[in-house]
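Only one structure is covered here, and it is reproduced in the block below.
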Amino acid sequence: MYGTQAINGRGHLCIGGIDTTVLAKEYGTPLYVYDTALIKSKINEFKQAFARHAGVNWQIAYASKAFSSIAIIQLIDEQGLFLDVVSGGELYTALSAGMNPKRIHFHGNNKSHAELAMALDAKIGAIIVDNFFELDLLEKMCADRNQEIDILLRVTPGVEAHTHEFIMTGQDDSKFGFNLGNGMAERAVKQSLQSLHLNLIGIHCHIGSQIFETDGFAGAIKIMIKHVSAWTHDFGFQLQVLNVGGGFGIHYTDSDRPLPIECYIDTIVTTAKKECDCYNLSLPSLWIEPGRSIVGEAGTTLYTVGSSKDIPGIRKYLSVDGGMSDNIRPSLYQAQYQAICANKANEAAQSQVALAGKCCESGDVLIKEAFLPESCTNGDLIAVFSTGAYGYSMASHYNRIANPAVIFVEDGEASLVVRRETYEDLIRQDLALKDLSRNN
Ligand SMILES: *Cc1c(COP(=O)(O)O)cnc(C)c1O
């Protein structure tokens, strides 16, 4: 159980004080349900973990790729966080939500001219420059516009976080960033310092996602500060910002043992302090970029069970009305989830089934070994937990399945924040053949 989840007297799962069977009836399934009280409490955990370190400057930017929509960005804004975007679409969403552009940072390894122009037009707070192509392009664009912008350089410290290979990003062989080890980062720092329009305020790394230990963060900080000290000595670089990215692990299943948020923050702060002392540097502002750890556990997906199939001696499949179209993570990275039967939440969950999606892919199985009540069948409601990050944001239209609705729940009130797509939405961009007679 996460956040405000509870089981009521009828044996139904409730979130934010509302019976999930009532939500399913009102909004339909599949349905993404966000417990906004839990989102706020995660944000507070991060803030308080930093606040324990007096005299340290810090900043938290929510990585909006984990879940971007107008409403979530407004909630993030209201909580005083900064925001990371990685595309024109995410930037557009943030600006449309009314986010102060100064509090927006732009990431990505292949920002287009048009995307950079959009960021410069909006006068966003900072651009995290990923490569030399971008560094040259941005310099030229700013010169043409006679505009200045704060930048950070994304570096790859050569640290391998202990996580899934596909979500590991700090190692040398990565599409992201300037390598620290081979001198690319140093060249980028030199070039930035000579720029008339780019104001280099700091460096950034993001070593991976769903990280359950602090060593990777400490290692990355040590390596970065060591290089910064050399750059300070050799060409007077003043580090104002050290951004260590996101990637803090969360609980998907009982085999996940995430550290308390303050463990990560304590390691980041104490390592940065110690290393800066060691090289006689003043402590920069410490920035982090959590995505998953802010919205992941707050999201639950509700599905309705449809068909089932029992293959004697092999396994039983229970199929739900969504699947890889609303949650690609199990098929993309063998991500594990847990589920319950939301309308039979008090019944013993002793039947092992494969919880399958409805897409035409054998790999479309949300949970290979789900434990559900023996009686769980057609019409029952399934709740899959911890789907708040990279669920809706990675949703597709595979099999022309319309994207589910998203609702926020808190204190007994539900609000629709993303409407369910309709069949008309699915064909909205389609154009008919111009000349239907050509086949005759
Ligand atoms: C994806 C990403 C994040 C957020 O990662 P989480 O695992 O969701 O915390 C932060 N910073 C950068 C640069 C990223 O690419």
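For ligands, and for the atoms within them, numbers begin at 1 and follow the listed sequence.
At least one N or O atom of Gly291, backbone or side chain, sits closer than 3.5 Å to an N or O atom of ligand 1.
Within the structure, ligand 1 has Gly247 among the residues with a heavy atom less than 4.0 angstrom away. Heavy-atom distances between Phe176 and ligand 1 stay at or above 4.0 Å for every pair.
Looking at Asn199 and Asp150, their side chains do bring a donor and an acceptor atom within 3.5 Å of each other.
For His107 and His204, the distance between ring centers is under 6.0 angstrom. Ring centers of Phe385 and Tyr2: under 6.0 Å apart, within the cut-off.
A salt bridge is absent between Glu275 and Lys226: the closest approach of a Lys/Arg side-chain nitrogen to an acidic carboxylate oxygen does not fall below 4.0 angstrom. At a threshold of 4.0 Å, the pair Asp277-Lys274 does not count as salt-bridged, since none of the basic side-chain nitrogens sits closer than that to a carboxylate oxygen. Under a 4.0 Å N-O distance rule, the pair Lys40/Glu410 qualifies as a salt bridge.
By the criterion of a heavy-atom distance under 4.0 Å, both the backbone and the side chain of Glu289 are placed next to ligand 1. The side chain of His206, and not its backbone, has at least one atom closer than 4.0 Å to an atom of ligand 1 (non-hydrogen atoms only; side chain from C-beta on).
Ligand 1 places these atoms under 4.0 Å from at least one heavy atom of Arg154: 13 (C). The Ala63 neighbourhood of ligand 1 comprises atoms 3 (C), 4 (C), 10 (C), with distances under 4.0 Å to a heavy atom of that residue. Ligand 1 places these atoms under 4.0 Å from at least one heavy atom of His204: 13 (C). Those atoms of ligand 1 that come under 4.0 Å of a heavy atom in His107, given as number and element, are 13 (C). Which parts of ligand 1 touch Ser209 is read off a 4.0 Å heavy-atom cut-off, strictly below it: atoms 5 (O), 6 (P), 7 (O).
Side-chain N or O atoms of Lys102 include one that pairs as donor or acceptor with a backbone N or O of Lys123 at under 3.5 Å.
Here the heavy atom of the protein found nearest to atom 8 (O) of ligand 1 is Tyr390 OH, 2.6 Å. Scanning all protein heavy atoms for the shortest distance to atom 2 (C) of ligand 1 gives Lys65 NZ, 2.2 Å.
Of the options Leu372, Val365, Val305, a side-chain contact (heavy atoms from CB on, under 4.5 Å) to Leu355 is made by Leu372 and by none of the others.
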